[in-house]
Amino acid sequence: MVEIELDGKKVEVTEGSMVMHAADKAGTYIPHFCYHKKLSIAANCRMCLVEVEKAPKPMPACATPVTQGMIVRTKSEKAIKAQQSVMEFLLINHPLDCPICDQGGECQLQDLAVGYGGGSSRYEEEKRVVFHKDVGPLISMEEMSRCIHCTRCVRFGQEVAGVMELGMIHRGEHSEITTVLGETVDSELSGNMIDICPVGALTSKPFRYSARTWELSRRKSVSPHDSTGSNLIVQVKNNKVMRVVPLENEDVNECWIADRDRFSYEALNSDARLTQPMLKQGGQWQSVDWQTALEYVANGLRQIKTDHGASTIGALVSPHSTLEELALAGALVRGLGSENIDYRLRNADFAPASGIRWLGTSIASLSQLQRVLVVGSNLRKDHPLFAQRIRQATRKGAAVSVIGSSAELSSPDAWAMSLAGVQTVAASGWVQALADLAAAVGAEKGVSAPVAGEATDLAKAAAASLLGGERKAILLGNAAAHHAQASQLLSLAQWIGEQTGASVGYLTEAANTVGAQWAKALPGAGGLNAGQMLSGGLKAVLLLNNEPVFDSAAGAAAPAGLEHAQMVVTLSPFKANLAFSDVLLPIAPFTETPGTFVNAEGRVQGFHAVVKPLGEARPAWKVLRVLANLLGLQGFDFESSQDVLAHVRNGQEASATHVPADLLSNVAPAGVDLKAVDAAVAPVTARIYQLDGIVRRATSLQLTADARGTAHAVTGTKPTLDEVTA
């Protein structure tokens, strides 16, 4: 540790720290633009100049290492004059367009100009003009004359997103930030560039000119998409979600969010929203009141139970639903006497698990891993923020090995990180690939592998990698979880993990995949699994927050299986499943209902509604509770979502932040036949902007290269602007 004197106070910081770090620790603010705690040091804005005793001139706090006994003054006359001079230079060419700037009210330059800017300018020449750029549907670069060349966006692309999409060209007054070749910005984390831009050069294209920042109410929430459980600030005006930005949480999403977390809000007020209960009469949809709709459903369920038995009633539920909704859906089905409920819509292997499948380690620990094996995941697109953390680890020297089914998805460019080893194997060969790896590990350790395998060169390299280092993990992706041989993959991964000291876990697909297991949204004894229900095994089907055509392994064949049912009830925020549903019940999305999501590491995160439900939509937990009351079922006297959560916790303290550790387990089912060969089709996974109903209806996300399904989105190459705007 090194001790320095900062504005007369003694501050002790780690050796190698900069003066800026010491100031942060002491709670002293030093004005800055280019410095960001998550990015490398550039020291190019010079706004953080401070006086260092015995130094001949002011020094940049962000790039000046501390030394023992150093004396620093941040508010001396010398420091203030230096900062004022820098501000004068920054404002020389800055356009005087604050009244029309979207960044107004949250602009660092505007804030610091008040404290360090002059009352008038000595500059009389013409201001420079930088031509605007069109870089796609998410980021607006219409006013690049505002850019102060802090290069935060450039460094973010290189260091966090892993793809350098923006750069600086030319020199002097001709310098500008651009994509160089007129390409689009397509990173799945690109929206974070908007947040870190200290001026109004990069702004949100969907939000642009829709509201002033001081008009917005700010409310906390949690992302309903992937299993990171990103913490959000949802900004609201006139009961309408206007913008979504990150809420910093170092243990979960740090200060970043993925683009689907940021821009999916567009769907919440779209024309696709279902705002009234509807019944299909004579092939035509009719709007009805809630009482009529719920009585119709209740009477239908009673009649089907009487005519065909409770075992013909079932529910297909989405792992993007809240913990409370999933728990009540299961309780309702079981209250009717059925065990047919399942959230595993895309799975092909339905072997019962001994515990709750989870990440196997903490999310924060992903940044510190030294060895990683990823099986069956396009990590960057499936879990952008997990990929970002593992990218951090690779920058510190971590070795990442991949077993995947596509050369494009397993290429370093597509992953945006350096890979130590890539095994490109068809999905049907993943079990053999892990068997080969197990054989290589066994040969190195002198133990017998659980199944015969060939220690190929690639397997030996992956084995050597996993046997090295201290902190390591084997991560099974969405495709591995949905695989027809998922149990065999887990069993082999478990053995390899035991031999190498690596944790073994699932990346888990959705916001509440772990929560769905905790809420027991799984078939009980004699119950049908999702595959069986979608194959036509039911007479009455409840579809909670999902669209089987898009969200299940059955895909386009799902309607044929559901045609056997006498009544299909869809509970959705959107006009979904119109072709085969008989009843549509409008439920509230995550912004309009309280609830709880449990992320991949088992972290329990509750949230409140940030706006009132749109139209006649109602929180799904209330709809399910009232439906159960109409059916005369016992145990549905919950007054709030917190009551439902307490029921799921079953004695666990309300303040507990994680699922009980004794419930979490990635142990493979007993008696797995590792020699079994399944010729089933490749596992079904969702593309990045097809994951759930909300992102599928977010207009701007659907205009991106990833959503358009271009070859560029798969290979990692860049589309031209003409291709995106075509």
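The structure presented is a predicted model; accordingly, all values stated were derived computationally and were not measured. Residue numbers run from 1 in the order of the sequence given.
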Q: Does L475 form a side-chain contact (heavy atoms from CB on, under 4.5 Å) with L373? I'd like the steps, not just the answer.
A: CA-CA 6 Å; L475 302 174; L373 171 65; over 6 Å; no

Q: Name the one of L274, L614, I587, T593 that satisfies side chain to side chain contact (heavy atoms under 4.5 Å, CB included) with P573?
A: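 Among L274, L614, I587, T593, the one meeting side chain to side chain contact (heavy atoms under 4.5 Å, CB included) with P573 is I587.
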
Q: Between E250 and K38, is there a side-chain N and carboxylate O pair less than 4.0 Å apart?
A: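 A salt bridge is present here (some side-chain N lies under 4.0 Å from a carboxylate O).
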
Q: Looking at F574, is R697 sitting on its ring face, NZ or CZ under 6.0 Å from the six-membered ring centre and within 45 degrees of the normal?
A: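 Yes, R697 and F574 form such a contact.
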
Q: Apply side-chain contact (heavy atoms from CB on, under 4.5 Å) to residues E254 and Q388 and explain how you reach the verdict.
A: CA-CA 10 Å; E254 300 177 86; Q388 185 274 134; 3.0 Å; yes

Q: Is there side-chain contact between E616 and R618, with heavy atoms separated by less than 4.5 Å?
A: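 Counting from C-beta outward, E616 and R618 do come under 4.5 Å.
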
Q: Is it the case that the side chain of Q652 and the backbone of H658 share a donor-acceptor pair, with hydrogens and angles ignored and the cut-off at 3.5 Å?
A: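 Looks like yes, one N/O pair under 3.5 Å.
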
Q: Treating D259 as the side-chain partner and R262 as the backbone partner, does any N or O pair qualify as donor plus acceptor under 3.5 Å?
A: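 Pair absent, no side-chain N/O of D259 close to backbone of R262.
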
Q: Under the 3.5 angstrom rule, does the side chain of R471 hit a backbone N or O of Q368 as a donor-acceptor pair?
A: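 Yes; at least one donor-acceptor contact below 3.5 Å.
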
Q: Any side-chain to backbone donor/acceptor pair from S535 onto G531? Under 3.5 Å, distance only.
A: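 Confirmed, S535 side chain pairs with G531 backbone.
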
Q: What residue among L279, V568, V288, L571 forms side chain to side chain contact (heavy atoms under 4.5 Å, CB included) with V583?
A: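 Only one of L279, V568, V288, L571 forms a side chain to side chain contact (heavy atoms under 4.5 Å, CB included) with V583, namely L279.
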
Q: Inspect the contact between K575 and D271 and indicate whether a charged nitrogen and a carboxylate oxygen are less than 4.0 angstrom apart.
A: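 Salt bridge absent between D271 and K575.
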
Q: Around H608, counting heavy atoms of other residues, nucleotides and ligands shown, do more than 12 lie under 6.0 Å from its NE2?
A: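 For H608, atom NE2 is not crowded (no more than 12 foreign heavy atoms under 6.0 Å).
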
Q: Could you check if a side-chain atom of F636 sits within less than 4.5 angstrom of a side-chain atom of V626, using non-hydrogen atoms only?
A: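 The answer is no, as the side chains (C-beta and beyond) never meet within the 4.5 Å cut-off.
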
Q: Calculate, to the nearest 0.5 Å, the distance between atoms CG and CD1 belonging to N545 and I694 respectively.
A: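 Separation between the atoms: 7.0 Å.
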
Q: Between R219 and Q235 (side chain of the first, backbone of the second, donor and acceptor by atom type, cut-off under 3.5 Å), is there such a pair?
A: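 Answer holds: no.
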
Q: Donor-acceptor pair, E188 side chain versus P384 backbone, under 3.5 Å?
A: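 It does not hold such a pair.
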
Q: Is there a side-chain contact between E339 and V333 in this structure, where contact means two heavy atoms from C-beta onward sitting under 4.5 Å apart?
A: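 When only atoms from C-beta onward are counted, V333 and E339 do not touch, as no gap falls below 4.5 Å.
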
Q: Does the Lys NZ or Arg CZ of R625 fall within the cation-pi geometry relative to F638 - under 6.0 Å from the ring centre and within 45° of the axis?
A: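 No, a cation-pi geometry is absent between R625 and F638.
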
Q: Applying side chain to side chain contact (heavy atoms under 4.5 Å, CB included) between P246 and each of I257, L232, V252, report the one that passes.
A: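 Exactly one pass, corresponding to I257.
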
Q: Does the distance from a Lys or Arg side-chain N to an Asp or Glu carboxylate O, for R260 and D226, drop under 4.0 Å?
A: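 Counted as a salt bridge, because a side-chain N and a carboxylate O are separated by less than 4.0 Å.
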
Q: Can you see which heavy atom on S338 is nearest to which on S311, and at what distance?
A: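 Of all heavy-atom pairs spanning S338 and S311, the closest is OG-CA, 4.4 Å.
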
Q: Are Q488 and H483 close enough that a side-chain donor and a side-chain acceptor fall under 3.5 Å?
A: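 There is no such pair (donor and acceptor under 3.5 Å, judged by atom type) between the side chains of Q488 and H483.
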
Q: Can a side-chain donor-acceptor contact be found between S700 and E266 if the only test is distance below 3.5 angstrom?
A: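 Yes.
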
Q: Determine, stepwise, if the pair S230 / S223 fulfils side chain to side chain donor-acceptor pair (under 3.5 Å).
A: CA-CA 5 Å; S230 296; S223 169; 5.3 Å; no

Q: Got a donor-acceptor contact below 3.5 angstrom from the E325 side chain to the T322 backbone?
A: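 Confirmed, E325 side chain pairs with T322 backbone.
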
Q: Report yes if some heavy atom in the side chain of S665 is under 4.5 Å from a heavy atom in the side chain of W358; otherwise report no.
A: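 SC-SC contact between S665 and W358 ruled out.
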
Q: Run the salt-bridge test on K381 and D706 with the 4.0 Å N-O cut-off and return the result as yes or no.
A: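 Yes, K381 and D706 are salt-bridged.
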
Q: Within a radius of less than 6.0 Å around NZ of K622, do more than 12 heavy atoms belonging to other residues, nucleotides or ligands occur?
A: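 No, because the 6.0 Å sphere around NZ of K622 holds 12 heavy atoms or fewer from other groups.
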
Q: Any non-hydrogen side-chain atom of N231 less than 4.5 Å from a side-chain atom of Q605?
A: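 They are in contact (side-chain heavy atoms under 4.5 Å apart), so the answer is yes.
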
Q: Is E547 salt-bridged to R696, cutoff N-O under 4.0 Å?
A: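 Counted as a salt bridge, because a side-chain N and a carboxylate O are separated by less than 4.0 Å.
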
Q: Under the 3.5 angstrom rule, does the side chain of Q690 hit a backbone N or O of V695 as a donor-acceptor pair?
A: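 Here the side-chain-to-backbone pair does not exist.
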
Q: As a quick check of understanding, evaluate side-chain contact (heavy atoms from CB on, under 4.5 Å) for K539 and I313, giving each step before the final call.
A: CA-CA 6 Å; K539 293 297 182 182; I313 299 172; over 6 Å; no

Q: In sequence, state the C-alpha distance, the side-chain angles, and the governing distance for V667 and S354, and then conclude on side-chain contact (heavy atoms from CB on, under 4.5 Å).
A: CA-CA 7 Å; V667 176; S354 58; 3.9 Å; yes

Q: At what distance, to the nearest 0.5 angstrom, does CG of L385 lie from OG1 of T228?
A: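 Taking CG in L385 and OG1 in T228, the distance rounds to 4.5 Å.
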
Q: Strictly below 4.0 Å, N to O, side chains only: are E592 and K612 in salt-bridge contact?
A: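 No salt bridge links E592 with K612.
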
Q: Counting only N and O atoms by type, is there a donor-acceptor contact under 3.5 Å from the side chain of D342 to the main-chain atoms of N529?
A: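 Not a single qualifying donor-acceptor pair exists.
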
Q: Establish, yes or no, whether a centroid distance under 6.0 Å links the rings of F590 and F597.
A: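 F590 vs F597: aromatic centres not under 6.0 Å.
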
Q: Taking S227 for its side chain and L507 for its backbone only, find out whether a donor-acceptor pair lies under 3.5 Å.
A: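 Flag set: sc S227 to bb L507 pair under 3.5 Å.
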
Q: More than 12 heavy atoms of other residues, nucleotides or ligands under 6.0 Å from NZ of K520: is that the case?
A: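 Atom NZ in K520 is not crowded, with 12 or fewer foreign heavy atoms closer than 6.0 Å.
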
Q: Assess whether side chain to side chain donor-acceptor pair (under 3.5 Å) is satisfied between D349 and Q485, documenting all intermediate values.
A: CA-CA 6 Å; D349 181 350; Q485 294 171 287; over 6 Å; no

Q: May I have the step-by-step check of side chain to side chain donor-acceptor pair (under 3.5 Å) for D261 and H225, ending in yes or no?
A: CA-CA 7 Å; D261 302 326; H225 305 305; 4.6 Å; no

